[in-house]
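Since the structure comes first, as C-alpha cells, the remarks are kept for the end.
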Amino acid sequence: MRKQIAAANWKMNLNQNEAETLLNELLSLPLSLQAHQEAIFAVPAIYIPLATHKLTGKTNMYVAAQNCHQKDNGAYTGEIAAPMFASVGVKHIVLGHSERREYFAESDALLVEKVNAVLAINSTPIFCCGEPLAIREAGTQNAFVETQIKNSLFHLAEDQITKVVIAYEPIWAIGTGKTASSEQAQEIHAYIRSVFATKYGQPVADQISILYGGSVKAANAKEIFSQPDVDGGLVGGASLVATEFAAIINALK
Ligand code: PGA
C-alpha cells in the first residue's frame, strides 16, 4: 500500500516553549501509526533539534523542513541549504508551498533546482501544487496543476519520482476554513495520478503519495482521507492544536 501521511505545517508560528508544549501534548495522546503510515512535522527550522529530540525513538514520525535553498552552500545570508538539513537528520523538505510561491516569488524553474537539491541529499521533497480561486472558478484547475507538475518534476527519472510526495493544496482552501469537498479532492487527486501515469506508467503513479491540504481538521480528515487517491494531508492551522492533529493522524487509512 502507498504511504499514508499526516504532515504538519507549522509555518511561522509558536515560540520555543509553545513548540515544546505542543509536541509534549501531542505525544501524550494515543497515536496509532501502522507500518504504511507516517506523521511528519514541518517545524520552523530553528526548532528542528528540539522536535528531533522529542521524536527520538518514535516509529514512523519525522521532522521536516518547510523550505531549503537550491544551492549546497555559499554567500546566501539567512538561507539554509539542503545538505545542512541532511546533516541534522532531516529526511523530508516541503517545497513550493503556495505561500512561498506567492510571497517569495518561487517559480516552477526555481523549484526544479530545489527538488534536485533535496533528492541529492536522499531526502523526500513534499512538493506542493494547487490553484488559486480564479482558476477553480474558471474550471481549469486540472490544467493549472498539471503544468506546475510538468514544469518542476517531469525532468526526474522513474526511480526519482517515486521518492517525491505530492501535496495538492487549493489556495482558496488554505487557512480559509473552506475545504474542497471530498469529491473535489478525489477528482483532482485522480487527475494528478493520471498525469504521472501518462508520463511514468501506472505502476509508478500508483506508488506516489498525494496529500490533500487546505483546512484539514479533525472533523473532516477521515472523510477526505477515505478517498481512494487521497493519501493523507498537509495540515496548517489544525496541526497547532494537539488534539486536532492527533485525530488527523488517527484518521489515516
Ligand atoms: P491550513 O494550511 O490547514 O491552515 O489550511 C494548509 C497548508 O498551507 O499547508
Side-chain angles (χ1 to χ4, degrees), residues 1-11 33-45 47-48 51-52 55-56 58-70 72 80-98 100-101 106 108 110-130 148-149 152-169 189 192-193 195-196 199-200 203-213 216 225 229-236 239 248-249 252:
M1 190 176 186
R2 277 192 295 275
K3 264 184 203 157
Q4 305 293 303
I5 300 169
N9 177 10
W10 286 7
K11 308 191 182 185
L33 280 169
Q34 298 171 45
H36 67 284
Q37 298 171 337
E38 293 179 350
I40 297 177
F41 298 83
V43 303
Y47 304 142
I48 286 174
T52 303
L55 297 184
T56 302
K58 306 281 175 205
T59 309
N60 292 356
M61 298 184 115
Y62 302 97
V63 180
Q66 297 178 7
N67 174 44
C68 68
H69 196 269
Q70 63 274 22
D72 281 355
I80 304 177
M84 296 176 182
F85 287 119
S87 75
V88 296
V90 166
K91 285 279 173 209
H92 304 79
I93 302 183
V94 177
L95 293 178
H97 190 280
S98 62
R100 295 216 54 91
R101 292 177 188 261
E106 292 199 358
D108 291 350
L110 175 71
L111 290 168
V112 168
E113 292 183 61
K114 292 195 177 198
V115 166
N116 291 344
V118 173
L119 290 173
I121 56 158
N122 250 320
S123 284
T124 298
I126 300 177
F127 178 86
C128 302
C129 56
Q148 289 180 318
I149 288 172
S152 298
L153 297 177
F154 269 22
H155 65 289
L156 297 176
E158 203 176 293
D159 64 328
Q160 293 178 303
I161 197 69
T162 50
K163 299 196 174 110
V164 178
V165 169
I166 305 298
Y168 165 71
E169 301 200 301
H189 279 232
I192 291 169
R193 199 174 306 287
V195 167
F196 286 114
K199 166 83 175 165
Y200 296 98
V204 170
D206 283 341
Q207 291 176 54
I208 299 175
S209 297
I210 307 176
L211 316 185
Y212 169 80
V216 173
F225 297 172
D229 285 291
V230 178
D231 304 311
L234 180 59
V235 186
S239 75
I248 291 166
I249 292 174
L252 289 172

Evaluate the criterion side-chain contact (heavy atoms from CB on, under 4.5 Å) for residue pair Phe196 and Ile166; output intermediate values, then yes/no. CA-CA 11 Å; Phe196 286 114; Ile166 305 298; 3.7 Å; yes
Among Tyr62, Phe85, Phe41, which residue meets the ring-ring contact (aromatic ring centres under 6.0 Å, His included) test with His92? Tyr62
So Leu252 and Ile5, side-chain contact (heavy atoms from CB on, under 4.5 Å) or not? Walk me through it. CA-CA 7 Å; Leu252 289 172; Ile5 300 169; 5.6 Å; no
Atom of Gly232, atom of Phe225 and distance for their closest heavy-atom approach: C-CE2, 3.3 Å
Does the Ser152 side chain pair with the main chain of Asp108, one donor and one acceptor, at a distance under 3.5 Å? yes
Between Ala35 and Asn60, which heavy-atom pair has the shortest distance, and what is it? O-ND2, 3.4 Å
State whether the side chain of Glu38 and the backbone N or O of His36 hold a donor-acceptor pair below 3.5 Å, judged by distance alone. no
Given side-chain contact (heavy atoms from CB on, under 4.5 Å), test Thr162 with Val204 step by step and report yes or no. CA-CA 7 Å; Thr162 50; Val204 170; 3.8 Å; yes
Heavy-atom pair with the smallest gap, counting every atom of Cys128 and Val94: SG-CG1, 3.7 Å
Report all side-chain donor-acceptor pairs from residues 110-121 shorter than 3.5 Å, counting only partners two or more places apart or in another chain.
unit_1 : atom_1 : unit_2 : atom_2 : d
Lys114 : NZ     : Asn67  : OD1    : 2.8
Lys114 : NZ     : Cys68  : O      : 3.0
Lys114 : NZ     : Glu106 : OE2    : 2.7
Asn116 : OD1    : His155 : NE2    : 2.7
Asn116 : ND2    : Val112 : O      : 3.3

Nearest 0.5 Å please: distance from the OG1 atom of Thr124 over to the CD1 atom of Ile40. 7.0 Å
The criterion is side chain to side chain donor-acceptor pair (under 3.5 Å); which residues satisfy it with Arg193, sequence neighbours excluded? Asp229, Asp231
Give a yes or no on whether Lys3 atom NZ has more than 12 heavy-atom contacts from other residues, nucleotides or ligands under 6.0 Å away. no
If you round to the nearest 0.5 Å, how far is CD of Glu169 from NE2 of His97? 4.0 Å
Using side-chain contact (heavy atoms from CB on, under 4.5 Å), reason through Thr52 and Val88 one step at a time and then give a plain yes or no. CA-CA 9 Å; Thr52 303; Val88 296; over 6 Å; no
In short, Val216 meets Val235 closest at the heavy-atom pair O-CG1, 3.7 Å
In Å, rounded to the nearest 0.5 Å, how long is the span from CZ of Phe127 to CG of Leu95? 8.0 Å
Could you check whether the rings of Tyr168 and Tyr212 sit parallel, tilted or perpendicular, using 30° and 60° as the cut-offs? tilted
Using 0.5 Å steps for rounding, measure from the CD atom of Gln160 to the CG atom of Leu153. 10.5 Å
With no hydrogens and no angle check, is any side-chain donor or acceptor of Arg2 less than 3.5 Å from a backbone partner on Asp206? yes
Of all the heavy-atom pairs spanning Ile208 and Val164, show the shortest one and how long it is. CG2-O, 3.8 Å
Please verify the inter-ring angle class for Tyr200 with Phe154; under 30° counts as parallel, over 60° as perpendicular, anything in between as tilted. perpendicular
Nearest 0.5 Å, please: how far is CG in Leu211 from NE2 in His189? 7.5 Å
Any sub-3.5 Å donor-acceptor pair from Gln66's side-chain atoms to Lys11's backbone N or O? yes
Do the side chain of Ser123 and the main chain of Ala86 share a donor and acceptor less than 3.5 angstrom apart? no
